[in-house]
Amino acid sequence: MKKIVLVCTGNTCRSPLAGVLLQDLLPEEKEYLIESAGISAFPGQRAAEMAHRAARERGLDLSTHQSQQLSDEMVREADLILTMTVSQARRLRLSHREESGIIYTLGEFIGRTEIVEDPVGEDLEVYRQTRDQLEKLLKAAVERIPEFFSQAGDYSDSKNYNKRRFRMKLAIGSDHAGFPLKENLKDWLKEESVHEVIDFGASGQDSVDYPDYARKVSRAVASQEAELGILICGTGIGMSMAANKVKGIRAARCQDCYSARMARSHNNANILTLGDRVLGTGLAREIVSVFLEEDFAGERHQSRVDKIMQLEKEMKD
Ligand code: RB5
C-alpha cells in the first residue's frame, strides 16, 4: 500500500478537493492510501463551502472532511507528497531533507511548471476552475504514479537525495573543444546519478562546428525527447548563442554554482552550457549537480519567463 499525501496551506480547499479527485481517478483503491493535509492548517476545520459544492458537482463528497496539519510523522510515512505550489514544496524539502526525493509540486511531478493557486474566499466559479485544473493535473499524475513507485523502489534505501529524485532524460553534446569534458560528465552522470544520458556527439576531437551539436541537443529538449540539456564547447559561449536560437530553449552559460542554481530557479533554463577551456572538471560537475537538482521557483518568475517566451514569439512574426 502506497501512501500519497496531497498538501496545500490550510487543508480546507485545494488539497481536500485534490484528495477526493485523486481517489476517484485511481484505478485500484486498495493499492493507494490518499490523505490530504496543510502546511499551516487549523485542525478540525470543515472543507470550504465552495470546495464542497465544486466536489458535489462531480459526485464527490467532502462532507466528512476535517482539516489536519501535516506532521513530521506523516511526511516520514508518505511514499509521495504532492504540493500545490513551489513554495510549499521547497519549504517541505528544506524541513525534511531525507524525504526531499518524494516531494513534488503536482505540476513538476508531471513535468510542468504549473502551480495551483489558492481559491480561498473566491466564488464558486473560481473553485470550479481550481477543481478542473486539479482534475487535469491529477489525470496526468495518475499516469506517472506507477512508474514513480517502480523507480522509487530501486532507491528506497538510499540516503542520497539525488538518487531518489525522479529520473530525467538528459541530452548532452559538445564540439571538439568540449569533447573531453563531455565524456567526463557523461561517465560521471551514468555512474553517480539515476538520469538517462543521451549523447548527441561530437564523437572525438577532430574539428567540428558547435552550432551543429547545439542544434541536435536543443531540438531534443524543445521536442521533450529530453527534459534538460548540457552543451559544452571551449567557452560555453557559442553553444549558448546557438541553443538560444532554437524555439523553446532557454540556455544559460554558467561558470559558478550560484548562477546554475539561479538559471534553474529564476530563469527556468532548460539547457546548461559550459566551457571546457574555462572550467576544471570538479567545478563543472558541481555546476551540473546544482543545475539538475534545482527546481524552477515559478510564481513571480513565471511571468518573467513568459515574457521571454513572448519575445521569441514576436521575433518569429
Ligand atoms: C572552438 O575553437 C571554439 O571556438 C568553440 O569551442 C567555442 O568556444 C565557441 O564558443
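For the atom pair CE (M239) and CG (D276), the distance works out to 11.0 Å, reported to the nearest 0.5 Å. Residue T273 holds its OG1 atom at 9.5 Å from CD1 of I232, rounded to the nearest 0.5 Å. Once rounded to the nearest 0.5 Å, the distance linking CZ of R46 with CD of Q66 reads 9.0 Å. One finds the CG atom of L231 at 11.5 Å from the NZ atom of K216 (value rounded to the nearest 0.5 Å). In this structure, L134 CG and Q129 CD are separated by 12.0 Å, a value rounded to the nearest 0.5 Å. Taking OH of Y127 as the start and CG of L17 as the end, the distance is 8.5 Å to the nearest 0.5 Å.
Under a hydrophobic-cluster definition in which Ile, Leu, Val, Met, Phe, Trp and Tyr are linked whenever side-chain heavy atoms come within less than 4.5 Å, directly or via other members, L170 and V290 are assigned to different clusters. Grouping the Ile, Leu, Val, Met, Phe, Trp and Tyr side chains by contacts below 4.5 angstrom, directly or via other members, places L82 with L60. Note: the hydrophobic cluster containing L6 also contains M74 (ILVMFWY, side chain heavy atoms under 4.5 Å, direct or indirect links). Note on F179: it does not cluster hydrophobically with L189, by side-chain heavy-atom contacts below 4.5 Å among ILVMFWY residues. Side-chain heavy atoms closer than 4.5 Å link hydrophobic residues (I, L, V, M, F, W, Y) into clusters, and following such links, even through other members, never connects L92 to I115.
Side-chain contact between E108 and Y104 is present, with at least one heavy-atom pair separated by less than 4.5 Å. Inter-residue side-chain proximity for V221 and I249 is flagged as met; some heavy-atom pair is nearer than 4.5 Å. Between R215 and V246, the closest side-chain pair of non-hydrogen atoms is not below 4.5 Å. Considering only heavy atoms from C-beta on, E225 stays 4.5 Å or farther from V217 through its side chain. Under the 4.5 Å side-chain criterion, counting only non-hydrogen atoms from C-beta, M50 is not in contact with E122. Between I145 and I4 there is a side-chain heavy-atom pair separated by less than 4.5 Å. When side chains are defined from C-beta on, D212 does not count as touching V208, because their heavy atoms never get closer than 4.5 Å. The shortest side-chain heavy-atom distance between L274 and L185 falls under the 4.5 Å cut-off.
Side-chain contact of Q310 with D306: a donor-acceptor pair under 3.5 Å is absent, judged by distance alone. Judged by distance alone, the side chains of Q302 and E114 never bring a donor and an acceptor atom under 3.5 Å apart.
A donor-acceptor pair under 3.5 Å is formed between the side chain of R93 and the backbone N or O of I103. Proximity of a side-chain donor or acceptor of R264 to a complementary backbone N or O of D295 within less than 3.5 Å is not detected. Under the 3.5 Å distance criterion, the side-chain polar atoms of N270 are matched with a main-chain donor or acceptor of R250.
Among all heavy-atom pairs drawn from V86 and F296, the shortest one is CG1-O, 3.5 Å. Among all heavy-atom pairs drawn from M168 and H195, the shortest one is N-ND1, 3.1 Å. Heavy atoms only, all atoms of each residue included: V126 and P119 are closest at CG1-CB, 4.0 Å. Nearest heavy-atom pair across C233 and I237 is SG-N, 3.8 Å. Residues G248 and M309 come closest through the heavy atom pair CA-CE, 3.8 Å. Shortest non-hydrogen contact noted between A141 and L106 is CB-CD1, 4.1 Å.
Salt-bridge check for E99 with R76: failed, with every basic side-chain N at 4.0 Å or more from each acidic carboxylate O. Here R58 pairs with E135 in a salt bridge; the nearest charged N to carboxylate O distance falls below 4.0 Å. For the pair K3 and E35, the salt-bridge criterion is met [side-chain N within less than 4.0 Å of a carboxylate O].
Listed by chain and number, the residues in a side-chain contact (heavy atoms from CB on, under 4.5 Å) with A269 are A252, A263, F291 (sequence neighbours excluded). Not counting sequence neighbours, H52 has no partner by the ring-ring contact (aromatic ring centres under 6.0 Å, His included) test. Partners of I308 according to the side-chain contact (heavy atoms from CB on, under 4.5 Å) rule, which considers only residues two or more places apart in sequence or in another chain, do not exist here. Take S259 and apply the side-chain contact (heavy atoms from CB on, under 4.5 Å) test, not counting sequence neighbours, and it matches C254, D256.
Between H266 and H301, the two ring planes are parallel [angle under 30°; tilted spans 30° to 60°].
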| query | E125 and R128: side-chain contact (heavy atoms from CB on, under 4.5 Å), yes or no, with the steps? | reply | CA-CA 5 Å; E125 198 40 51; R128 284 185 179 130; 3.0 Å; yes
| query | Can you check salt bridge (charged side-chain N to carboxylate O under 4.0 Å, His left out) on R90 and E294, steps first, answer last? | reply | CA-CA 10 Å; R90 288 172 81 88; E294 192 65 29; 3.3 Å; yes
| Verdict with reasoning, Q255 to V278, per side-chain contact (heavy atoms from CB on, under 4.5 Å) | CA-CA 8 Å; Q255 302 194 85; V278 184; 2.5 Å; yes
| What's the verdict on side chain to side chain donor-acceptor pair (under 3.5 Å) for D72 and H96, showing C-alpha distance, side-chain angles and the deciding distance? | CA-CA 8 Å; D72 291 348; H96 296 86; 3.1 Å; yes
| task | Evaluate the criterion side-chain contact (heavy atoms from CB on, under 4.5 Å) for residue pair D24 and V20; output intermediate values, then yes/no. | result | CA-CA 6 Å; D24 194 48; V20 286; over 6 Å; no
| Can you check salt bridge (charged side-chain N to carboxylate O under 4.0 Å, His left out) on E293 and R261, steps first, answer last? | CA-CA 8 Å; E293 277 173 26; R261 190 173 300 289; 5.7 Å; no
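Other residues, nucleotides and ligands place no more than 12 heavy atoms under 6.0 Å from the CD atom of Q224. Few gaps surround CG on D123; more than 12 heavy atoms of other groups in view lie less than 6.0 Å from it. Within 6.0 Å of CE in M241 there are 12 or fewer heavy atoms belonging to other residues, nucleotides or ligands. By the neighbour-count criterion of 12 heavy atoms within 6.0 Å, atom NZ of K139 is sparsely surrounded, having that number or fewer from other residues, nucleotides or ligands.
Each side-chain hydrogen bond (donor to acceptor under 3.5 Å, both in side chains) pair with one or both residues in residues 180-190, not counting sequence neighbours, appears once here: K182-D199, E183-K186, N184-R285, K186-D199.
K2 forms a cation-pi arrangement with F149, by the criterion of a distance under 6.0 Å to the ring centre and an angle within 45° of the ring axis.
Screening I110, V142, T105 against L137 for a side-chain contact (heavy atoms from CB on, under 4.5 Å) leaves a single residue, I110.
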For residues 7-16, tabulate all N or O donor-acceptor pairs below 3.5 Å that involve a side-chain atom, not counting sequence neighbours.
unit_1: T9; atom_1: OG1; unit_2: R14; atom_2: NH2; d: 3.2
unit_1: T9; atom_1: OG1; unit_2: Q88; atom_2: NE2; d: 3.1
unit_1: N11; atom_1: OD1; unit_2: Q68; atom_2: N; d: 2.8
unit_1: N11; atom_1: ND2; unit_2: S15; atom_2: OG; d: 2.8
unit_1: N11; atom_1: ND2; unit_2: S36; atom_2: OG; d: 2.9
unit_1: R14; atom_1: NH1; unit_2: V116; atom_2: O; d: 2.7

